[in-house]
Amino acid sequence: MTEIERIGQLRQALHQHNYNYYVLNAPEISDFEFDALMHELQELEKRHPECRDENSPTMRVGSDISQDFVQVAHKYPMLSLANTYSESEVADFYNRVRKALNEDFELCCELKYDGTSISLTYRDGKFVQAVTRGDGVKGDDVTNNVKTIQSIPLVLHGNDYPKEFEIRGEILMPWDVFEALNREREEQEEPLFANPRNAASGTLKLQNSATVASRKLDAYLYYLLGDHLPHDGHYENLKEAEKWGFKVSHVARKCRNLQEVYDFISYWDTERKNLPVATDGIVLKVNSMRQQRLLGYTAKTPRWAIAYKFQAERALTRLHSVSFQVGRTGAVTPVANLEPVQLSGTVVKRASLHNADIIKKLDLHIGDMVYVEKGGEIIPKITGVDKSSRLASNKEVEFATTCPECGATLVRYEGEAASYCPNESHCPPQIKGKIEHFISRKAMNIDNVGPETVDLFYQLGLIHDAADLYQLTVDDIKGLDRMGEKSAENIINGIQRSKQVPYERVVFALGIRFVGETVAKTVAKAFPSIDELAQASLDALLHTDEIGAKIAESIMRYFADEKNRQLVERLKKAGLQMKAAPKSENEYTEKLKGQTIVISGVFAKHSREEYKEIIEKNGGKNAGSISSKTSFILAGSNMGPSKLEKARKLGVRIMDEDDFLKLLE
C-alpha cells in the first residue's frame with residue numbers, strides 16, 4: 001500500500017471511529033489507539049501536502065490563526081419560533097393548524113435544545129459551510145470553528161443523500177464541560193458564563209479555532225432543507241439523516257392528537273433534568289413538508305411550528321442578609337444569604353447578586369421573601385421579590401461603600417458594573433489571592449503549597465507578595481503548625497523548581513487583570529521578554545492578535561504601577577524565566593520517534609499537558625499505563641507507588657524532568 005492510499009484508509013477509519021465515539025457513544029478502539037492513528041495521518045499529510053483535504057479528521061484540532069467572520073446570506077431564512085407557555089396555548093396552535101389544513105395531520109414533538117442555532121451545508125456528501133443564525137437573513141461563516149465539533153460529520157456515510165442540502169440544529173456546551181469552564185474562570189476571577197447557551201455562543205464566535213476545539217462543544221441537528229429530500233415527513237427525514245452520520249435526538253416522537261402532545265410535554269418536563277445538555281422546552285412541528293408549505297409563514301415565524309417553553313424552576317425563600325466578598329483583583333461581589341431551600345435537586349443557601357445595579361433593580365430589603373431560580377442557569381439567582389409580604393421594618397439593602405476586609409473606600413471604574421477595593425498592597429484577600437494564583441498549577445505550579453499554607457505564612461508575616469516566597473528558607477518554616485523538616489524541605493524545593501517554569505506561565509502567574517492562560521501565551525509570543533512587555537506601547541499591544549482595548553489597557557496599568565515593577569524586578573533577581581526560550585515550537589525533532597512514554601508525577605518546568613505535547617512534537621507517543629512496550633517513564637515528584645513498582649518489575653527506565661529536557665537539546 002502506498003502512503004497516499006494509506007492516507008485515504010486512515011481518513012475513512014478515523015471518520016468512522018469518530019462517529020462511533022461521539023454520535024453512537026460506542027467506541028471500538030481505545031483513546032490511545034485513536035491518537036496513534038491520528039498521529040500517523042498527521043505525519044503522512046505533512047509528507048504529502050498535495051493530498052490536503054479540508055474535511056480530513058486532522059482538521060478537527062483547529063488553528064491558532066485568527067480569522068474575521070464573513071457575513072453570509074441564508075439560502076432559506078432562519079426564522080424564530082413563536083413561544084407558548086401553557087397547554088391551552090398549545091391547544092390553540094393545534095386547532096389553528098387543523099382549521100387551516102382541513103385534513104388529518106401529525107405533529108413531530110422534539111426537545112428544544114438550549115444552545116446557539118447553526119445551519120450546515122453539505123455538497124456531494126462533504127461538509128462545506130456553517131453559518132450562524134445572525135439576523136435570520138444573514139449570519140457569520142463559522143466553518144473553521146464548527147469543524148472542531150466532533151459530533152458534526154465532515155464526510156457522510158452511505159451514498160443516498162441529496163447532492164446538496166442544509167441541515168440545521170443547535171450547538172451546545174454539555175453541562176460537565178460548562179461547569180469545568182466556569183470553575184476555571186472563577187479561579188482566574190473572570191466573569192462566569194450564566195448558562196451553557198451563552199458559553200456555547202461565546203465559544204463559537206472565538207477567533208481562535210484551537211481554543212474552540214478545547215471547549216468540547218456538541219451539536220444536535222433537527223431540520224433538513226433542500227430540493228430533493230428523501231421523504232415528505234420531517235421525522236422520516238431526520239431518521240435518514242441519522243443514517244448519514246448526523247447526531248439527531250432519539251426522543252423525537254410523532255403525535256396524532258393533543259393528549260399525546262401533552263403526555264410528551266409532561267414526561268420531558270421532569271426527565272430533561274437527567275440529560276447531559278440544557279433544554280428549555282418542546283418544539284412542535286407539522287410533520288408533513290407538503291403541509292408545512294401549505295401553512296406557510298408570518299413575517300417572523302412559521303405557522304407550522306411552535307415552541308412550548310418550560311417554566312424555569314424557582315422557589316420562594318427569605319433573604320437573611322447580604323455579605324460582600326473581595327477577590328484577588330479587588331472586585332467586590334455581593335452574595336445573598338438565604339433561608340435554605342430545595343431547587344433543581346440541590347439545597348440553595350446563597351445566590352450571587354453580581355453588583356450594585358442588580359440590587360437596586362430588584363429593590364431588595366433584608367427579610368424580603370425572594371424568588372430564586374435556576375432553570376437553564378447553573379448559578380442560582382434572585383429574580384424577584386414578593387413585595388406583598390414585605391414588612392415595614394425591612395431595611396433596604398445598601399451596597400458596601402468601604403472594603404469589608406481593609407476598610408478602603410470602594411471605587412467603580414467608568415464602563416464597569418463591579419466595584420473595586422483599590423488597596424491592592426494592604427487588602428488581605430487581594431494579597432493572598434494574588435499569591436494563591438501565582439502558585440497555582442497552571443501558573444508557577446509550586447508543589448506542596450496551597451491556600452492554607454499561604455494563609456499561615458501571611459498571618460505569620462513571612463510573605464507579603466509572591467517574591468517573598470523565594471526568600472524563604474527551611475529554617476524559616478520548619479516547626480510551624482504540622483510542618484516538620486521534611487515538609488519544609490519539600491516546600492522550599494518546590495519553590496526552587498518553579499524557577500524553571502517557562503516565561504509565558506510567569507506572565508500568567510503575575511495575575512495581570514484579564515490576562516488568562518491563553519492570553520498570556522499570546523502576549524509572551526508577541527513580547528518575548530518581560531522588559532519588552534513592560535515597555536510596550538498601547539498601540540503595539542492593540543496590534544497583537546487577540547488583544548483588545550480592555551486587555552491592552554490593563555497591561556499598561558499593571559506596569560505603570562511602581563509596586564508591580566518592583567515585584568517583577570525582585571522575581572527577575574530570584575531567577576525566574578523572564579524571557580522566552582530561544583527554541584521555537586517549529587524546531588522540534590524526531591528524537592523520540594518510535595518511543596512510547598508514560599508521564600507520572602508533578603513537574604516544575606512544564607505542565608503534564610505541555611510535556612505530552614512536547615513528546616508528540618518530537619515524534620514520541622504518550623501512553624496512560626506502563627507495559628513491556630513502554631520505552632521510559634517521565635517522572636516528576638510524587639510518582640505513584642504502584643507505577644514505580646510496576647516499572648521496576650518490568651525493568652522500565654525512569655527519567656527525571658532535567659534528563660528528559662537534556663535529551664531533547
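Index from 1, following the sequence.
No donor-acceptor pair closer than 3.5 Å links the side chain of Lys273 to the backbone N or O of Trp268. Although no hydrogens or angles enter the test, the distance criterion places a donor-acceptor pair under 3.5 Å between the side chain of Thr84 and the main chain of Ala307. Side-chain N or O atoms of Arg272 include none that pairs as donor or acceptor with a backbone N or O of Leu111 at under 3.5 Å. A donor-acceptor pair under 3.5 Å is absent between the side-chain atoms of Thr148 and the main chain of Asn144, judged by distance alone. A donor-acceptor pair is defined here as one N or O able to donate and one able to accept, closer than 3.5 Å; such a pair exists between the side chain of Thr203 and the backbone of Ala199. Remark: side-chain polar atoms of Thr317 are paired, donor with acceptor, to backbone N or O of Glu339 under 3.5 angstrom. Between the side chain of Ser214 and the backbone N or O of Thr211 there is at least one donor-acceptor pair closer than 3.5 Å. Looking only at distances, a side-chain donor or acceptor of Ser249 sits under 3.5 Å from a matching main-chain atom of Val251. Side chain of Asn18 to backbone of Gln150: a donor-acceptor contact under 3.5 angstrom is found.
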*Please step through salt bridge (charged side-chain N to carboxylate O under 4.0 Å, His left out) for the pair Asp368 and Arg318, ending with a clear verdict.*
CA-CA 6 Å; Asp368 277 350; Arg318 190 173 301 281; over 6 Å; no
*List the steps and the verdict of salt bridge (charged side-chain N to carboxylate O under 4.0 Å, His left out) for Asp363 and Arg390.*
CA-CA 11 Å; Asp363 185 27; Arg390 178 179 289 169; 3.3 Å; yes
*Take Glu517 and Arg505 through the salt bridge (charged side-chain N to carboxylate O under 4.0 Å, His left out) test and state the conclusion after the steps.*
CA-CA 7 Å; Glu517 184 185 6; Arg505 281 171 55 197; over 6 Å; no
*Step by step, work out the side-chain hydrogen bond (donor to acceptor under 3.5 Å, both in side chains) result for Asn182 and Glu179.*
CA-CA 5 Å; Asn182 259 355; Glu179 289 164 8; over 6 Å; no
*asked:* Apply side-chain contact (heavy atoms from CB on, under 4.5 Å) to residues Leu120 and Val146 and explain how you reach the verdict.
replied: CA-CA 9 Å; Leu120 311 175; Val146 167; 3.9 Å; yes
*Ile551 vs Leu541, side-chain contact (heavy atoms from CB on, under 4.5 Å): CA-CA, chis, key distance, verdict*: CA-CA 9 Å; Ile551 296 172; Leu541 289 165; over 6 Å; no
*Applying ring-ring contact (aromatic ring centres under 6.0 Å, His included), run through Tyr222 and Tyr113 and close with a yes or a no.*
CA-CA 10 Å; Tyr222 52 63; Tyr113 293 102; 7.8 Å; no
*Go through Thr301 and Thr298 one step at a time and tell me if the side-chain hydrogen bond (donor to acceptor under 3.5 Å, both in side chains) criterion holds.*
CA-CA 5 Å; Thr301 61; Thr298 68; 3.0 Å; yes
_Run Glu110 and Lys285 through salt bridge (charged side-chain N to carboxylate O under 4.0 Å, His left out) and show every step you take._
CA-CA 8 Å; Glu110 308 164 29; Lys285 298 173 185 167; 3.3 Å; yes
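A distance below 6.0 Å separates the ring centres of Phe246 and Tyr122. Residues Tyr85 and Phe310 place their aromatic rings such that the two centres sit no closer than 6.0 Å.
In summary, of the residues considered (Asp269, Leu284, Leu107, Ile282), a side-chain contact (heavy atoms from CB on, under 4.5 Å) with Phe264 occurs for Ile282 alone.
Between Asp218 and Lys247 there is a salt bridge, since a side-chain N of the basic residue sits under 4.0 Å from a carboxylate O of the acidic one. Classification of Glu504 and Lys521 as a salt-bridged pair fails, no side-chain N sitting under 4.0 Å from a carboxylate O.
Residue Lys309 places its NZ atom among more than 12 non-hydrogen atoms of other residues, nucleotides or ligands, all under 6.0 Å distant. In this structure, Lys239 places its NZ atom where more than 12 heavy-atom neighbours from other residues, nucleotides or ligands lie under 6.0 Å away. Within 6.0 Å of NE2 in His543 there are 12 or fewer heavy atoms belonging to other residues, nucleotides or ligands.
Neither side chain, Tyr76 nor Glu166, offers a donor N or O lying under 3.5 Å from an acceptor on the other. Looking at Ser419 and Arg412, their side chains never bring a donor and an acceptor atom within 3.5 Å of each other. Under the 3.5 Å distance criterion, with hydrogens and angles disregarded, a donor-acceptor pair is assigned to the side chains of Asn337 and Ser321.
Cation-pi geometry between Arg314 and Tyr371 is met: the NZ or CZ atom falls under 6.0 Å from the ring centre, inside 45° of the normal.
When side chains are defined from C-beta on, Leu542 does not count as touching Ile547, because their heavy atoms never get closer than 4.5 Å.
In this structure, the separation between OH on Tyr308 and OH on Tyr262 is 10.0 Å, given to the nearest 0.5 Å.
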